[in-house]
Amino acid sequence: MRDSYKKIVFLTGAGISAESGLATFRSENGLWNNHRVEDVATIEAYYKNPDYVHDFYNEMKPELWNAKPNKAHLAITKLQKEYPADVHIITQNVDTLHEKAKSKNIYHIHGQINQAVCMNCGQVLETWGDVTSETVCKNCQVMGMMKPNIVFFGENLLYMDKVEELLRSCDLFVSVGTSRVVFPAASFVQTAKYYGADTIEFNLEATSNNFYFDKHVMGKAGETLPKFVDGLLSKVSDS
Ligand code: APR
């Protein structure tokens, strides 16, 4: 691991929001234990039963709106503000906790729950309230074509050109709170490693195929990430 970095890229997953009280996907009481992916996170499910899919995301919203960023989110913001490097956040999360932590350079590759996309005109609209099959698109005025702006399994991820450029040009890749079981995000560390970045993983436990990481920091991200950020900042002040 180097002593200082010029371009740092974070990949965050549901685990970074766990200490804000939000459910992850694959823990014991995870979201995928109470709903089948096939019923709520595929385009086929949306066409077959749009209201069931809308209900799944609508029911998440109140908890998401009330959630507060935790020390892990705030540590990334502190790094962006105080460390002399370009710091970017690629997130798999659809919550807005990185934004609430006043971070910048955030790329929601799996979409955002506070948005919906019109399947008629393609317009992406902010939707803090419920979206249903009666919702009218504010842009083209067509009803019933609004889909949560969530990337369903089998759909293309968002911002992938930017992601590719970041992975090839960063000198530090930091994975936080992701099981790395969903591709292509699971393999981002390989690209970063291939192009010469130092790589570090923050998780409660070791994830599979994690040999691309130079370092593993076990523990709650709300505790481990602030320590890591303070360590980087102390090296700047020492130099
Ligand atoms: N600190 C650090 N890591 C944590 C914490 C915590 N406090 N709590 C949980 N974790 C870790 C878990 O050990 C697990 O490895 O976070 C990870 C959460 O994994 P998942 O629930 O699989 O969530 P994620 O990796 O974000 O899922 C990726 O799968 O279903 C899709 O679109 C969905 O974006 C999601 C993607």
Side-chain angles (χ1 to χ4, degrees), residues 9-46 53 56-57 59-60 63-64 67-76 89-98 101 106-115 117 147-160 163 173-190 199-213 215-229:
V9 170
F10 284 85
L11 170 66
T12 64
I16 199 171
S17 299
E19 290 160 79
S20 297
L22 299 185
T24 60
F25 289 94
R26 295 172 179 85
S27 56
E28 308 75 67
N29 58 349
L31 289 167
W32 294 152
N33 290 39
N34 307 319
H35 290 82
R36 286 175 359 114
V37 167
E38 299 75 9
D39 297 339
V40 293
T42 64
I43 197 69
E44 295 76 12
Y46 173 74
V53 173
F56 175 68
Y57 293 104
E59 281 159 21
M60 263 187 215
E63 189 188 24
L64 288 179
K68 302 248 180 311
N70 63 58
K71 288 179 182 161
H73 298 101
L74 297 169
I76 299 176
I89 305 167
I90 300 168
T91 186
Q92 299 171 96
N93 298 340
V94 297
D95 65 52
T96 54
L97 291 178
H98 284 304
I106 305 163
Y107 304 96
H108 286 270
I109 54 171
H110 290 174
Q112 290 175 246
I113 197 159
N114 56 303
Q115 293 177 345
V117 57
K147 164 182 147 340
N149 192 26
I150 303 286
V151 175
F152 289 147
F153 284 90
E155 289 190 309
N156 291 330
L157 270 62
L158 306 175
Y159 305 106
M160 284 308 283
V163 166
F173 177 84
V174 187
S175 176
V176 186
T178 177
S179 58
R180 288 182 39 257
V181 298
V182 172
F183 286 81
S187 60
F188 286 176
V189 61
Q190 276 170 261
T199 53
I200 183 167
E201 180 171 54
F202 289 82
N203 200 306
L204 291 179
E205 60 201 7
T207 56
S208 53
N209 300 327
N210 61 5
F211 34 78
Y212 291 100
F213 288 101
K215 204 169 168 199
H216 307 272
V217 181
M218 297 295 135
K220 289 185 171 185
E223 294 161 17
T224 55
L225 206 53
K227 279 196 198 105
F228 173 70
V229 166

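By convention here, the first residue in the shown sequence is residue 1. Whatever order the structure lists them in is the order used to number ligands and atoms, beginning at 1.
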**Asked** Mind checking what makes ring pair (Phe, Tyr, Trp, His ring centres under 6.0 Å) contact with His73, not counting sequence neighbours?
**Response** His98

**Item:** Distance under 6.0 Å and angle within 45° of ring axis: Lys215 vs Phe228
**Value:** no

**Message:** Using side-chain heavy atoms (C-beta onward) and a distance below 4.5 Å, is Val163 in contact with Leu157?
**Reply:** no

**Message:** I'd like the contact residues of ligand 1, where contact means a heavy atom below 4.0 Å.
**Reply:** Gly13, Ala14, Gly15, Ala18, Glu19, Thr24, Phe25, Arg26, Trp32, Gln92, His110, Phe153, Gly177, Thr178, Ser179, Val182, Asn203, Leu204, Glu205, Gly219, Lys220, Ala221

**Item:** Qualifying residues under ring pair (Phe, Tyr, Trp, His ring centres under 6.0 Å), relative to Tyr159, sequence neighbours excluded
**Value:** Tyr107

Identify all side-chain donor-acceptor contacts of residues 218-226 below 3.5 Å with residues at least two apart in sequence or on another chain.
residue: Thr224; atom: OG1; partner: Lys220; partner atom: O; Å: 3.2

**Prompt:** Do Thr12 and Ile76 come close enough that some side-chain heavy atom pair is under 4.5 Å?
**Reply:** yes

